[in-house]
Every structure is written in C-alpha cells, then in structure tokens.
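First the structure, in the form of structure tokens, and then the observations on it.
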Amino acid sequence: PSRGLGDVYKRQSLISSSSKSSSTIQYIKGNLSSINLREDSFEGIRDKMLSIADALDGEVKQLGEQMVNDQKTIKELQERVNKLETDLESARSQSKEDFLTKTGTKKALVEELERMEQKYNRYGNDYGVCFFDIDHFKRINDVYGHEAGDVVLATIGPVSYTHLTL
C-alpha cells in the first residue's frame, strides 16, 4: 500500500514539474518574443535576457534535482528487480527438490528424463529409471504417526541417493 502511494506522489511530482517546466518555457518564449531591437533600450533587453537566464538557471537546477531523484528511483527499482530474481531462483530451486526427502520432485524428474533422453538421442548413452516402494509405509504412519513417517522418508531419500551412481 505505501509503495502505491509513493508511486502516486512521484507521478504527481513529475506532472507538477512538467507543468512548471512548461510554464517556464512559455515565460522564456514570451520574453524572447517581446524583445524589440528597434524600440527596446539596451537596458530593457539586458533585463529581459537576465530574466531569461535566471529562468533557465532555475530550470537547469530543477532538472538536475529531478535527475538525482530519478537515479535514486532507478537504483531502488534495480534492487527490487535483483531481489525478485533471487526469490524466483529460490522458488525454482525449491520446486525441484522435496523439502523433506531432499530428493527431486516430479518436475525435476521430468526435466532430468528429458535431459537424459536428449543425451541418448545425441550420443546413444543408455540410461535407466529406478523407483522405490516402501513396503507397508502406510502402516508406519498409522502405528507410529506421520512424524515418524517423515523421519523414515527423510532418511531413505539421502541414503538411497548416496548409494546410487549417477
């Protein structure tokens, strides 16, 4: 919510500065248009030119401040993008590894099978698939509870992975 309000305030500030910039430009154009070299005195022309220079100086300062603010905004947005990329990579990693068994998920299995199939098609490398079935696992959960079943799964995954040749 506060981020949304900040965006609204930034837009209003940008619109306001754009309107002010536009009015400054109109002021400068008006002053330039009003200079009459035949009728205006040297002092009058000088005063108008100084007024224009002051308006331009103010405009340059405002643009400089706006650039600094824009750089801060760009930096903040880049930091947000970097965090989102890190979060996305973490989510991708979590989607490929079961948090309990630390073994691959179905998504990881499908990706690995596709990779192995490509190697087979390209180089003729054979591969095999092995599935485990824990006999009477339901009984472990029913008799000892799901926490005990979780311990069994958390143990079997890494132990079997350690003894497989990849």
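Not measured: the values here are computed from a predicted model.
- Within the 3.5 Å criterion, the main-chain N or O of Pro158 finds a donor-acceptor partner in the side chain of Thr162.
- The CD1 atom of Ile74 lies 9.5 Å from the CE atom of Met67; values are rounded to the nearest 0.5 Å.
- From Asp57, atom CG reaches atom CD1 of Ile52 across 13.5 Å, with rounding to the nearest 0.5 Å.
- Separating the CG atom in Leu113 from the NZ atom in Lys106 is a distance of 11.5 Å, to the nearest 0.5 Å.
- Every residue two or more places apart in sequence or in another chain was checked for a side chain to side chain contact (heavy atoms under 4.5 Å, CB included) with Arg122, and none qualifies.
- Ile156 and Leu109 fall into different hydrophobic clusters, where Ile, Leu, Val, Met, Phe, Trp and Tyr residues are linked whenever their side-chain heavy atoms come under 4.5 Å apart, directly or through other members.
- Using modelled atom types, one finds no donor on one side chain facing an acceptor on the other under 3.5 Å when comparing Glu65 with Asn69.
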Donor-acceptor pairs under 3.5 Å, side chain of residues 37-48 to any protein atom, not counting sequence neighbours: which ones?
unit_1, atom_1, unit_2, atom_2, d
Asp40, OD2, Asn36, N, 2.9
Asp40, OD2, Lys48, NZ, 3.4
Ser41, OG, Gly44, N, 3.0
Lys48, NZ, Ser34, O, 3.1
Lys48, NZ, Ser34, OG, 3.1

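- Looking at Glu59 and Gln62, their side chains come closer than 4.5 Å, going by heavy atoms from C-beta outward.
- Atom-to-atom distance recorded for Thr73:OG1 and Gln71:CD is 9.0 Å, nearest 0.5 angstrom.
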- prompt: Could you walk me through whether Glu112 and Arg115 pass the side chain to side chain contact (heavy atoms under 4.5 Å, CB included) check?
  reply: CA-CA 5 Å; Glu112 183 63 15; Arg115 189 181 73 78; 2.6 Å; yes

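- Follow the hydrophobic side-chain contacts under 4.5 Å out from Val110 and you never reach Met116; the two are in separate clusters.
- Looking at Ser95, its side chain does come within 3.5 Å of a backbone N or O of Arg92 through a donor-acceptor pair.
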Using distance only, find each side-chain donor-acceptor pair of residues 127-150 under 3.5 Å and give its atom names and separation, not counting sequence neighbours.
unit_1, atom_1, unit_2, atom_2, d
Tyr127, OH, Glu117, OE1, 2.3
Lys138, NZ, Asp142, OD2, 2.7

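- Nearest approach of Lys96 to Ala108, heavy atoms of both residues: O-CB, 3.3 Å.
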